[in-house]
Novice: 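The following block contains the structure, expressed as structure tokens.
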There are 2 protein chains.
Amino acid sequence: MVPQAPAATRPPDTETRPPDTEQRIFDAALTVFARKGRDGARLQEIADHAGINRALLHYYFRTKEQLYEAVFEHGCRQFMAGLSQSLRAEEGVEDSLRAFVYGYIDYIYEHQDMARLMLNECLCGGGVLERHLTAAIEAREEVPGLLLEDRLRAALGAGEIREVDLRHTLLTIVSACLFPFVALPTVRLFHSRAVEDFDRFLEERKAHIVDLLLAGLRPAEEVVRTEALA
Amino acid sequence: MVPQAPAATRPPDTETRPPDTEQRIFDAALTVFARKGRDGARLQEIADHAGINRALLHYYFRTKEQLYEAVFEHGCRQFMAGLSQSLRAEEGVEDSLRAFVYGYIDYIYEHQDMARLMLNECLCGGGVLERHLTAAIEAREEVPGLLLEDRLRAALGAGEIREVDLRHTLLTIVSACLFPFVALPTVRLFHSRAVEDFDRFLEERKAHIVDLLLAGLRPAEEVVRTEALA
DNA sequence: CCTCGCGTTATCCAAATCGTTTAACAGTCT
DNA sequence: AGACTGTTAAACGATTTGGATAACGCGAGG
């Protein structure tokens, strides 16, 4: 009889010293799946990355399919939760936007593999990703970005920003933050800074996005004032 | 002795009726490689997509590696050439930006698989993509976007746009145009329009990007004028 | 102390699948 | 008829997956 996932029996949290093998498998699988994709990934490579025997993968997760599902489910939930938690709520629109961009880029930087895994899912249909995301949405879990959308909507109602399509604006913000990570090899060719000092490149990027967006959303009140004076 | 790629002997263009098998293989391989990646793609699936026998793949391209290389090389060159050709040169900054965004999105729409294939390459290191791109750049081939960068630089020098980092601005534009395609399954969840009527969604997107960018780049001359009047 | 259970490894196995090769077949051209 | 080309069916070897087995180390508990 093959024992079921031992995680179910570990909650008593014995005094043993298993150096968190399950987490190491998660990390290794995430890395390999993100690069090679669901089908391209080899169990042997995952086992090597985790520094364990291949048979142990079957001990924790019976099949490759279940491993992928677990990695995606676990990673997705943790990713979304951690992300929405790291995005502090601010009062004003300007501060909200700045906090989002800075928090988003910082978070993605720390979870690049998860971002790549999600994108990989998108490339091959996105069935699994869609399922998990809709489940997260229906479960009323906090979806990052919706908070910012609310802020923008309020600001738009108050005339603090121009009349723009909020959904498209939000998509543009996310694109500007996320795309450089997933397209890094291409970005490097045109952005020497991203090669020499990636951290500094990201700081420049944050400032640029906030600057461009704030300028793009600012209401053209000066024009009105000018016309009023004319 | 296995015959070399018959394309080399076909230039006499015999009166035979081979319904362009090579092109069908290219298209099928592009589709499958873009979704499953270099390792994840199966020759059987490519053959099925092309409606041919698996052995015929080896008749045209000796190995899977060479097939991938050929698809990438051929597709990449054709993609870049066609793209830079479809981006008409305009005089003013505003028209240049508009032409770029509209042309870029239209072109990507017609070549989504190639875009996805390139991104897939990025996800697994980007070695092949980097090699082909640097080769294209060194060969002085026209790289899409550089023309727009020149226009923006000139406009910046003439004070027609705000003082911004051109490289980051260009990256933001490309991100805003490209990301929705590669992340489509996710976008669909938040953008109902992208599900119901993708074409109309793209039209909205073009208009939004141009609008936001023009507003974000417009110099705050009204403020100056206002101050001058004061 | 011994024994048991659990995490772990080494090893092996059957079945499926993959990439590749070979031989043969059906046309067309000479 | 013979040669050549595009194509297919079949087969080969290597790899991958899922699964099983036995054994080892080691802490917990009797």
Side-chain angles (χ1 to χ4, degrees), chain A residues 1-29 32-33 35-71 124, chain B residues 1-29 31-33 35-72 124:
Chain A
M1 188 82 52
V2 177
Q4 200 58 10
T9 54
R10 207 190 310 150
D13 206 355
T14 62
E15 200 56 32
T16 71
R17 182 131 297 278
D20 219 352
T21 304
E22 196 171 350
Q23 188 58 42
R24 291 229 315 281
I25 295 180
F26 266 118
D27 295 340
V32 177
F33 276 130
R35 278 160 182 69
K36 303 299 185 63
R38 176 188 213 132
D39 297 326
R42 299 287 112 117
L43 291 182
Q44 185 62 58
E45 195 177 349
I46 296 177
D48 291 344
H49 251 78
I52 59 167
N53 194 285
R54 210 177 85 247
L56 204 56
L57 288 180
H58 291 94
Y59 180 77
Y60 278 89
F61 313 88
R62 291 182 58 82
T63 71
K64 185 185 183 181
E65 201 70 20
Q66 290 185 36
L67 171 61
Y68 183 82
E69 206 74 29
V71 167
C124 60
Chain B
M1 190 79 54
V2 177
Q4 199 58 8
T9 55
R10 208 196 303 151
D13 204 355
T14 63
E15 201 56 30
T16 70
R17 181 131 299 277
D20 219 353
T21 306
E22 195 172 348
Q23 188 58 43
R24 291 229 314 281
I25 294 180
F26 263 116
D27 295 340
T31 301
V32 177
F33 276 131
R35 278 160 181 69
K36 303 299 186 63
R38 175 187 216 134
D39 297 326
R42 301 288 111 117
L43 289 184
Q44 184 61 59
E45 196 176 349
I46 296 178
D48 291 343
H49 252 77
I52 59 167
N53 192 284
R54 217 170 69 246
L56 203 57
L57 290 178
H58 293 89
Y59 178 78
Y60 281 90
F61 312 87
R62 293 180 57 83
T63 70
K64 183 185 184 182
E65 201 68 21
Q66 290 185 38
L67 170 61
Y68 183 82
E69 206 73 30
V71 167
F72 205 94
C124 60

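Computation of the quantities below employed the complete heavy-atom set of this structure, encompassing side-chain atoms and omitting hydrogens, waters and symmetry-equivalent molecules. Convention: sequence-line order gives letters A, B, ...; per-chain numbering from 1.
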Novice: Measure CG/Asp20(A) against P/dG7(C) and give the value in whole Å, please.
Specialist: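 About 13 Å, once rounded to whole Å.
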
Novice: Can a donor-acceptor pair be found, under 3.5 Å and without considering hydrogens, that links the side chain of Arg24(B) to the backbone of Ala50(B)?
Specialist: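 Judged by distance alone, yes, a pair lies under 3.5 Å.
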
Novice: Are the side chains of Tyr59(A) and Asn53(A) in touch, meaning some heavy atoms are under 4.5 Å apart?
Specialist: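 No, every pair of side-chain atoms sits at 4.5 Å or beyond.
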
Novice: Among the candidates dT9(C), dG18(D), dT20(C), find the nucleotide nearest to the side-chain atoms of Thr63(A).
Specialist: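 Of the options given, the side chain of Thr63(A) lies nearest dG18(D).
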
Novice: Answer yes or no: does a side-chain N or O of Thr21(A) lie under 4.0 Å from OP1 or OP2 of dT8(C)?
Specialist: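 So the side-chain polar atoms of Thr21(A) do come within 4.0 Å of the phosphate oxygens OP1 or OP2 of dT8(C), strictly under.
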
Novice: From the list dA11(D), dG18(D), dA20(D), which nucleotide is the closest neighbour of the side chain of His58(A)?
Specialist: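 In terms of side-chain proximity for His58(A), the closest of dA11(D), dG18(D), dA20(D) is dG18(D).
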
Novice: Flag the pair Gln66(A) / His58(A) as yes when at least one side-chain heavy-atom distance between them is below 4.5 Å, and no otherwise.
Specialist: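 No, their side chains stay 4.5 Å or more apart.
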
Novice: OP1, OP2 of dA10(C) versus side-chain N and O of Asn53(A): anything below 4.0 Å?
Specialist: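 For dA10(C), OP1/OP2 do have a side-chain N/O of Asn53(A) under 4.0 Å.
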
Novice: Rounded to whole angstroms, how far apart are CZ on Arg54(B) and P on dT17(C)?
Specialist: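 The answer, rounded to whole Å, is 11 Å.
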
Novice: Expressed in angstrom and rounded to an integer, what is the separation of Asp39(A) atom CG from dG19(C) atom P?
Specialist: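 Rounded to the whole Å, the gap is 11 Å.
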
Novice: Once you round it to whole Å, what is the distance between P of dT16(D) and CD of Glu45(A)?
Specialist: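 Between P of dT16(D) and CD of Glu45(A): 10 Å.
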
Novice: Taking the six-membered ring for Trp, are Phe33(A) and Phe26(A) closer than 6.0 Å centroid to centroid?
Specialist: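 No, they do not, as the ring centres are separated by 6.0 Å or more.
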
Novice: Specify the separation, in whole Å, of atom CG of Leu56(B) and atom C1' of dT8(D).
Specialist: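 Rounding to the nearest Å, CG of Leu56(B) and C1' of dT8(D) are 9 Å apart.
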
Novice: So, OP1 or OP2 of dT7(D): does either fall under 4.0 Å of a side-chain N or O from Tyr60(B)?
Specialist: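 Answer is yes, contact under 4.0 Å.
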
Novice: What is the distance from CD of Gln66(B) to P of dG19(C), rounded to the nearest Å?
Specialist: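 Roughly 15 Å, once rounded to whole Å.
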
Novice: Is Ala47(B) touching bases, backbone alone, or none of the nucleic acid, heavy atoms closer than 4.0 Å?
Specialist: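 Nothing, no nucleic acid heavy atom in range.
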
Novice: Hey, does the side chain of Tyr59(A) come within less than 4.0 Å of dG7(C)'s phosphate (OP1/OP2), counting only N and O?
Specialist: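 Looking at the OP1 and OP2 atoms of dG7(C), one of them is under 4.0 Å from a side-chain N or O of Tyr59(A).
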
Novice: CZ of Phe61(B) versus P of dT7(D): gap in Å, rounded?
Specialist: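 Phe61(B) atom CZ is separated from dT7(D) atom P by 12 Å.
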
Novice: State whether Arg42(A) places a side-chain N or O below 4.0 Å from either non-bridging phosphate oxygen (OP1 or OP2) of dT17(D).
Specialist: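 True: Arg42(A) side-chain N/O within range (under 4.0 Å) of dT17(D) OP1/OP2.
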
Novice: Provide, to the nearest angstrom, the distance between the CD atom belonging to Gln44(A) and the P atom belonging to dA14(D).
Specialist: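 In whole Å, dA14(D) P and Gln44(A) CD are 18 Å from each other.
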
Novice: For Ile52(A), answer base if it contacts any base atom (sugar-phosphate contacts may also be present), sugar-phosphate if it contacts only those atoms, and nothing otherwise; contact means non-hydrogen atoms under 4.0 Å.
Specialist: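 Ile52(A): backbone/sugar contact only, no base atoms under 4.0 Å.
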
Novice: I want to check something: taking the side chain as every heavy atom from C-beta on, are Val71(A) and Phe61(A) in contact at a cut-off of under 4.5 Å?
Specialist: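 Contact flag for Val71(A)/Phe61(A) side chains = no.
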
